[in-house]
Amino acid sequence: MQPGIALVTGGAAGIGRAVTLRLLADGYDVVVIDRQPGELPPAVEFLQADQRDEEAWRRALAASIERFGAAPSALVLNAAIGGAAVVGDIETVSIERWQEVFEVNVTGAVLGLRACLPAMVAEGSGSVVIMASVDAFLAEQGAVAYACSKATLLQLGRCVAVDYARRGVRVNVVCPGIVDTPGFRAHLGTSADPARFESYRTQRTPLERFLDPTEVAGVVSFLLGPDASGMTGSAVVVDAGLTASYDFRSGEEGA
Ligand SMILES: NC(=O)c1ccc[n+]([C@@H]2O[C@H](COP(=O)([O-])OP(=O)(O)OC[C@H]3O[C@@H](n4cnc5c(N)ncnc54)[C@H](O)[C@@H]3O)[C@@H](O)[C@H]2O)c1
């Protein structure tokens, strides 16, 4: 598929912003939905809205048609809440928070799919990337709501991939490890000892660093594009080696 029109959620910050800039550089016209304003180039069609709002998706499609002449052929469902905002185990996370995480992370993505798939099917081609997390596979302590929402997104990606494979739409899921974004920094900031937390997490990661958002954006660009034409329903892990080991040692333990 040639670069066409891409719609990115959460494009004002972090990974979504890096994806937006990468897709612009790839030659896409880009529409962004984000609930906070962001400093994006004027070439981007920016809609400040909450992805839980069905009407916002209608407005985004209308804006895409108005400005770029067609509905999006590429969709990146990246916006989510997590980290410090939803820390807790199954007893301490409030039901309101649990519902909010699922409404934003899962229902928001479902609304995006329902809004964008019909035009892709009508064209007989489209490509979707859903941003999950390594938490879709593995449990992260104190993040039950977030991790369950990400596991649901992984299965959502597989189900939609299978349902739409013969209608010309590919759907793939990206599962990042630790990425240095405003969202992750906010999470770090709530730790009792952020410097120690950061050092531990860095040491625990085989590549010994957090990922840069551009390193995830590159994978999204690949999955949306023609070099990934044989991929649908895949979960692509981008985690600096984090989940390749269960007991990675830095050397200080005498291993
Ligand atoms: N940073 C990491 O370490 C990491 C790791 C694994 C997965 N992820 C996933 O990557 C994605 C991006 O994470 P990030 O770290 O860049 O986050 P971030 O918090 O830095 O940025 C997220 C963006 O999404 C927007 N957003 C949040 N809720 C929204 C809503 N309801 N409607 C519209 N916009 C909304 C925010 O305003 C923000 O601009 C998320 O799905 C996250 O779960 C991040």
Side-chain angles (χ1 to χ4, degrees), residues 7-22 31-40 44 46-57 59-60 75-87 97 99-112 115 128-140 143 145-154 156-157 173-190 197-198 201-202 204-205 207 209-217 219-220 235-240 242-243:
L7 197 163
V8 181
T9 62
I15 295 170
R17 184 170 196 277
V19 168
T20 299
L21 298 179
R22 172 60 193 259
V31 180
V32 164
I33 295 179
D34 199 303
R35 67 180 177 185
Q36 68 170 349
E39 284 177 26
L40 290 166
V44 172
F46 179 76
L47 193 75
Q48 188 169 356
D50 192 307
Q51 66 172 353
R52 287 172 289 186
D53 177 4
E54 209 169 351
E55 179 54 30
W57 284 100
R59 281 193 283 128
L75 173 64
V76 183
L77 295 164
N78 162 79
I81 53 171
V86 293
V87 167
R97 268 285 192 231
Q99 285 169 339
E100 185 188 2
V101 171
F102 272 76
E103 276 169 23
V104 173
N105 298 6
V106 180
T107 310
V110 169
L111 290 174
V128 179
V129 168
I130 298 177
M131 199 62 65
S133 164
V134 293
D135 284 23
F137 305 107
L138 302 173
E140 181 178 352
Y146 176 76
C148 289
S149 77
K150 291 295 176 177
T152 305
L153 283 175
L154 173 57
L156 175 70
V173 180
V174 173
C175 300
I178 304 173
V179 190
D180 201 345
T181 64
F184 178 67
R185 287 281 150 195
H187 184 49
L188 262 187
T190 61
F197 187 75
E198 179 167 352
R201 291 288 182 107
T202 307
R204 170 65 184 83
T205 303
L207 288 187
R209 63 180 176 81
F210 300 148
L211 291 162
D212 187 84
T214 56
E215 294 177 287
V216 181
V219 175
V220 173
V236 181
V237 173
V238 189
D239 72 347
L242 186 66
T243 60

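Each ligand, and each atom within it, is numbered from 1 in the order the structure gives.
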| query | What heavy-atom pair brings Asn105 and Ser149 nearest, and what distance separates the two atoms? | reply | ND2-OG, 3.1 Å

| Evaluation steps, salt bridge (Lys or Arg N to Asp or Glu O under 4.0 Å), between Lys150 and Glu140 | CA-CA 11 Å; Lys150 291 295 176 177; Glu140 181 178 352; over 6 Å; no

| Note: Glu198-Arg201 ion pair, threshold 4.0 Å (strictly below) | no

Note down each nitrogen or oxygen pair, ligand 1 side and protein side, whose separation is under 3.5 Å; give only atom names and the distance to 0.1 Å.
{"from": "ligand 1", "atom 1": "1 (N)", "to": "Val179", "atom 2": "O", "distance (Å)": "3.1"}
{"from": "ligand 1", "atom 1": "1 (N)", "to": "Thr181", "atom 2": "OG1", "distance (Å)": "3.3"}
{"from": "ligand 1", "atom 1": "3 (O)", "to": "Gly177", "atom 2": "O", "distance (Å)": "3.4"}
{"from": "ligand 1", "atom 1": "3 (O)", "to": "Val179", "atom 2": "N", "distance (Å)": "2.8"}
{"from": "ligand 1", "atom 1": "3 (O)", "to": "Val179", "atom 2": "O", "distance (Å)": "3.4"}
{"from": "ligand 1", "atom 1": "15 (O)", "to": "Thr181", "atom 2": "OG1", "distance (Å)": "2.5"}
{"from": "ligand 1", "atom 1": "16 (O)", "to": "Ile15", "atom 2": "N", "distance (Å)": "2.8"}
{"from": "ligand 1", "atom 1": "20 (O)", "to": "Gly183", "atom 2": "N", "distance (Å)": "2.9"}
{"from": "ligand 1", "atom 1": "28 (N)", "to": "Arg35", "atom 2": "NE", "distance (Å)": "3.4"}
{"from": "ligand 1", "atom 1": "31 (N)", "to": "Asp50", "atom 2": "OD1", "distance (Å)": "3.0"}
{"from": "ligand 1", "atom 1": "32 (N)", "to": "Gln51", "atom 2": "N", "distance (Å)": "2.9"}
{"from": "ligand 1", "atom 1": "34 (N)", "to": "Arg35", "atom 2": "N", "distance (Å)": "3.2"}
{"from": "ligand 1", "atom 1": "37 (O)", "to": "Asp34", "atom 2": "OD1", "distance (Å)": "2.6"}
{"from": "ligand 1", "atom 1": "39 (O)", "to": "Asp34", "atom 2": "OD1", "distance (Å)": "3.3"}
{"from": "ligand 1", "atom 1": "39 (O)", "to": "Asp34", "atom 2": "OD2", "distance (Å)": "2.6"}
{"from": "ligand 1", "atom 1": "39 (O)", "to": "Gln36", "atom 2": "NE2", "distance (Å)": "2.9"}
{"from": "ligand 1", "atom 1": "41 (O)", "to": "Asn78", "atom 2": "O", "distance (Å)": "2.7"}
{"from": "ligand 1", "atom 1": "41 (O)", "to": "Lys150", "atom 2": "NZ", "distance (Å)": "2.8"}
{"from": "ligand 1", "atom 1": "43 (O)", "to": "Tyr146", "atom 2": "OH", "distance (Å)": "2.6"}
{"from": "ligand 1", "atom 1": "43 (O)", "to": "Lys150", "atom 2": "NZ", "distance (Å)": "2.9"}

| Going by the angle between their ring planes, with limits at 30° and 60°, are Phe210 and Phe184 parallel, tilted or perpendicular? | perpendicular

| task | Identify the two heavy atoms, one from Leu156 and one from Ala109, that lie closest to each other, and give their separation to 0.1 Å. | result | CD2-CB, 4.2 Å

| request: Test Thr214 against Arg22 for side-chain contact (heavy atoms from CB on, under 4.5 Å), laying out the working first. | output: CA-CA 8 Å; Thr214 56; Arg22 172 60 193 259; over 6 Å; no

